[in-house]
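All remarks here apply to the structure that follows.
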Amino acid sequence: DTDTARLGYDITVTDPAGDTWATVEDEEVWDDAAGLYLAIWQGFETDADDPAGEYTVAVSVEDIIGGTTIDEQTTFEVTA
């Protein structure tokens, strides 16, 4: 069907030391191809024993049908 897209995504969060802190793998999202906006909502909760500092969230979204991938990343700060 040319009116739909099949999208998959992975999320990796790394801690201030560069170690993997959390992952979400092989999730799939179905979306209308006519839409210009896709939002992926994923929450991560920190604990008191998580190290303070800058964490990096890397997201990879793949058009499973078309074969293209977009990679993005952002950061958030955990304070003591």
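- Using a 4.5 Å heavy-atom cutoff, the side chains of Thr75 and Val57 are not in contact.
- Here the side chain of Asp15 pairs a donor or acceptor atom with the backbone of Gly18 at under 3.5 angstrom.
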* Go through the steps for Phe44 and Val24 under the test side-chain contact (heavy atoms from CB on, under 4.5 Å), then give the verdict. => CA-CA 10 Å; Phe44 297 99; Val24 175; 4.0 Å; yes
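- Shown here is Ile64, whose CD1 atom has more than 12 heavy atoms of other residues, nucleotides or ligands within 6.0 Å.
- Note: Gln73 CD to Ile11 CD1 = 13.0 Å, rounded to the nearest 0.5 Å.
- Side-chain contact annotation: Ser60 with Asp10, donor-acceptor N/O pair under 3.5 Å absent.
- With Asp63 contributing its side chain and Ile65 its backbone, the two residues share a donor-acceptor pair below 3.5 Å.
- Residue-environment remark: CD (Glu77) exceeds the threshold of 12 foreign heavy atoms within 6.0 Å.
- Residue Pro16 comes nearest to Ala52 through the heavy atom pair CG-O, 3.5 Å, listed as atom of the first residue, atom of the second, then distance.
- Aromatic ring pairs are classed by plane angle as parallel below 30°, tilted from 30° to 60° and perpendicular above 60°; the pair Tyr55 and Phe76 is parallel.
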* Asked: Could you go step by step and tell me if Val13 and Trp21 meet the side-chain contact (heavy atoms from CB on, under 4.5 Å) rule?
  -> CA-CA 5 Å; Val13 182; Trp21 180 76; 3.4 Å; yes
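- Tested against Tyr9 for a side-chain contact (heavy atoms from CB on, under 4.5 Å), the candidates Asp26, Ile70, Val61, Thr69 yield a single pass: Val61.
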